[in-house]
Amino acid sequence: MNLIILRRLSYTRLLDFSYHILLATIILEKERKKIRENKHLREIFHGPVVIGGVGGSGTRVVAEIMKELGYYIGPLNKANDNLEFAKLFGSPEWFKKNHRNNKQVIFKRLINFEESMLTSLETNHSNSIGWGWKNPVTHIYIEFLAKYFKKIKYVLVIRNGLEMAYSSNQNQFYKWGDLYNIKPGTKADPKSSLQYWFAANEKAIRLGQELFNHNFLVINFNDLCMNPEKEIRSLISFLELDQSKYNIDQLAKLIHPPHSLGRHKKRDLSSFTEGEFDLIRKLGFTI
């Protein structure tokens with residue numbers, strides 16, 4: 001894909017999104033013949049696949065599957081988090097300062113991020129079937145992603161709320177919980193953690209279904225562990241890929257159910273109210 005055109009599209013977005021749509025149509029019409037002649041470029045051009053979820057939900061393994069399918073998901077750490085996205089968007093203080101009254105700053109960083117990813121894709125990873133990235137906190141940016149990217153697929157990974165309540169990975173809750181009017185105490189609190197789990201996932205699902213429609217997928221990590229072949233087929237179908245080109249059994253071997261699966265069953269749950277159990281049921285899990 002011609003990066004000059006992509007840059008031109010990106011900077012137009014920042015100035016005026018309605019104008020961008022019109023200009024993009026005109027510019028892309030000139031490129032349409034070239035894109036039609038190159039199926040590979042057409043697939044990449046369709047936009048990113050983004051993975052997110054509450055920290056500890058299992059996003060890492062979904063990103064690993066995406067890599068095996070042939071997607072370029074950027075420079076990564078051991079958890080498969082995109083390092084560039086983390087650098088640009090990982091500060092809760094920066095987001096809280098700008099997300100209401102200075103939104104253009106966020107869109108400007110999306111421009112820089114997209115350009116960096118596409119440059120790397122075209123230069124070093126041209127054999128990829130597409131691109132995207134994984135970072136758990138992308139669910140907090142759903143509204144910005146939906147407005148910025150004309151074409152995008154979003155995958156939300158969700159895990160049983162009681163397992164999450166007793167997780168040692170509470171970083172996202174501590175950093176972002178006040179966005180949902182939930183403030184953590186000085187030590188881990190399973191009840192507050194459960195409230196964050198529900199609020200964050202409920203909002204992400206509501207916005208995802210509203211803004212992305214059929215381009216929004218929820219992956220239940222518990223189901224992925226118990227029946228990986230079924231969930232992987234569902235992901236491949238969502239990505240509109242040819243399932244016959246992939247070895248599902250081999251992909252399923254990437255799934256290693258953690259020892260923490262079902263950890264809440266060893267806990268005394270008497271401190272939770274029936275109303276809190278209902279939050280878990282509302283998102284499709286059993287107690």
Side-chain angles (χ1 to χ4, degrees), residues 50-63 76-103 105-106 109 113 133-145 154-208 218-219 221-222 258-264 266-269 271-273 275-277 279-280 282-283 285:
V50 183
I51 303 165
V54 173
S57 294
T59 55
R60 181 199 63 78
V61 73
V62 176
L76 307 173
N77 62 14
K78 291 183 179 180
N80 282 333
D81 292 328
N82 185 292
L83 295 174
E84 186 69 16
F85 186 88
K87 181 175 70 175
L88 292 172
F89 299 97
S91 168
E93 291 77 17
W94 174 81
F95 178 81
K96 294 167 191 175
K97 178 182 177 181
N98 295 300
H99 79 287
R100 294 187 185 279
N101 300 317
N102 197 16
K103 296 181 179 182
V105 172
I106 296 175
R109 287 199 179 184
F113 175 70
W133 73 93
K134 171 256 179 177
N135 191 289
V137 300
T138 56
H139 71 87
I140 289 169
Y141 289 87
I142 279 180
E143 291 172 285
F144 292 93
L145 296 174
Y154 192 93
V155 179
L156 179 75
V157 186
I158 183 170
R159 183 174 176 179
N160 187 302
L162 284 174
E163 292 178 9
M164 298 293 289
Y166 289 104
S167 170
S168 60
N169 183 356
Q170 300 294 335
N171 290 335
Q172 190 181 120
F173 171 37
Y174 278 103
K175 290 180 178 180
W176 303 88
D178 59 344
L179 286 175
Y180 304 88
N181 297 315
I182 305 169
K183 295 185 178 181
T186 56
K187 63 178 182 178
D189 173 13
K191 291 169 74 71
S192 295
S193 178
L194 179 65
Q195 292 291 334
Y196 175 76
W197 171 85
F198 177 79
N201 283 305
E202 188 278 332
K203 182 177 181 179
I205 292 171
R206 174 169 45 83
L207 288 175
V218 176
I219 291 182
F221 178 72
N222 299 79
H259 296 302
S260 58
L261 207 66
R263 64 183 145 211
H264 62 287
K266 300 178 182 179
R267 299 278 187 163
D268 178 6
L269 304 180
S271 63
F272 292 98
T273 67
E276 288 167 333
F277 287 145
L279 299 180
I280 296 164
K282 284 180 181 178
L283 294 188
F285 295 91

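Taking the side chain as every heavy atom from C-beta outward, Pro258 and Phe221 approach each other to under 4.5 Å. Looking at His99 and Ile140, their side chains never come closer than 4.5 Å, going by heavy atoms from C-beta outward. You'll find the side chain of Lys134 reaches within 4.5 Å of the side chain of Arg60, heavy atoms only. Side-chain contact between Ile182 and Phe173 is present, with heavy atoms from C-beta onward closer than 4.5 Å. A heavy-atom distance below 4.5 Å is found between the side chains of Tyr154 and Leu145. Under the 4.5 Å side-chain criterion, counting only non-hydrogen atoms from C-beta, Leu269 is in contact with Tyr166. With a 4.5 Å cut-off on side-chain heavy atoms, Ile51 and Trp133 do not count as touching. Side-chain contact between Arg109 and Trp94: present, with at least one pair of heavy atoms (C-beta onward) separated by less than 4.5 Å.
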task = Walk me through it: do Val157 and Val61 pass the test side chain to side chain contact (heavy atoms under 4.5 Å, CB included)?
result = CA-CA 10 Å; Val157 186; Val61 73; over 6 Å; no
inquiry  = side chain to side chain contact (heavy atoms under 4.5 Å, CB included) for Leu162 and Arg267? Distances and angles first, verdict last.
reply    = CA-CA 10 Å; Leu162 284 174; Arg267 299 278 187 163; over 6 Å; no
inquiry  = Under the criterion side chain to side chain contact (heavy atoms under 4.5 Å, CB included), I'd like the reasoning laid out for Tyr141 against Ile106: C-alpha separation, chi angles, the key distance, then a yes or no.
reply    = CA-CA 9 Å; Tyr141 289 87; Ile106 296 175; 4.2 Å; yes
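For the side-chain hydrogen bond (donor to acceptor under 3.5 Å, both in side chains) test with Arg159, the passing option among Ser167, Ser260, Ser57 is Ser260; the others fail.
To the nearest 0.5 Å, atoms CG (Leu283) and CH2 (Trp197) are separated by 4.0 Å. Taken from CZ in Phe272 to CZ in Phe277, the straight-line distance is 7.0 Å, to the nearest 0.5 Å. With rounding to the nearest 0.5 angstrom, the CG atom of Asn82 is 6.5 Å from the CG atom of Leu76. Note that CD1 of Ile142 is 9.5 Å distant from CD1 of Ile205, once rounded to the nearest 0.5 Å. Annotation: the span from Gln195 atom CD to Asn181 atom CG amounts to 11.5 Å, rounded to 0.5 Å.
Surrounding NZ of Lys96 are more than 12 heavy atoms belonging to other residues, nucleotides or ligands, all under 6.0 Å away. Summarising the local packing, CG of Asn102 is surrounded by more than 12 heavy atoms from other residues, nucleotides or ligands at distances under 6.0 Å.
In this structure Thr273 satisfies the side-chain contact (heavy atoms from CB on, under 4.5 Å) test together with Lys191, Glu276, sequence neighbours excluded.
Asn222 places a side-chain N or O within 3.5 Å of a backbone atom of Asn160 that can act as its donor or acceptor partner. Listed for the Glu163 side chain is no donor-acceptor partner under 3.5 Å among the backbone atoms of Arg263. In this structure, the side chain of Asp81 does not engage the main chain of Asn77 through any donor-acceptor pair within 3.5 Å.
Heavy-atom minimum distance, Ala204 versus His139: CB-CB, 4.1 Å. Smallest separation of non-hydrogen atoms from Leu279 and Phe198: O-CD1, 3.5 Å.
For Phe113 and Phe85, the gap between ring centers is short of 6.0 Å.
Under 3.5 Å, the side chains of Tyr196 and Gln170 contain no donor-acceptor pair of N or O atoms.
A salt bridge does not link Glu93 to Lys97: none of the charged nitrogens lies less than 4.0 Å from a carboxylate oxygen.
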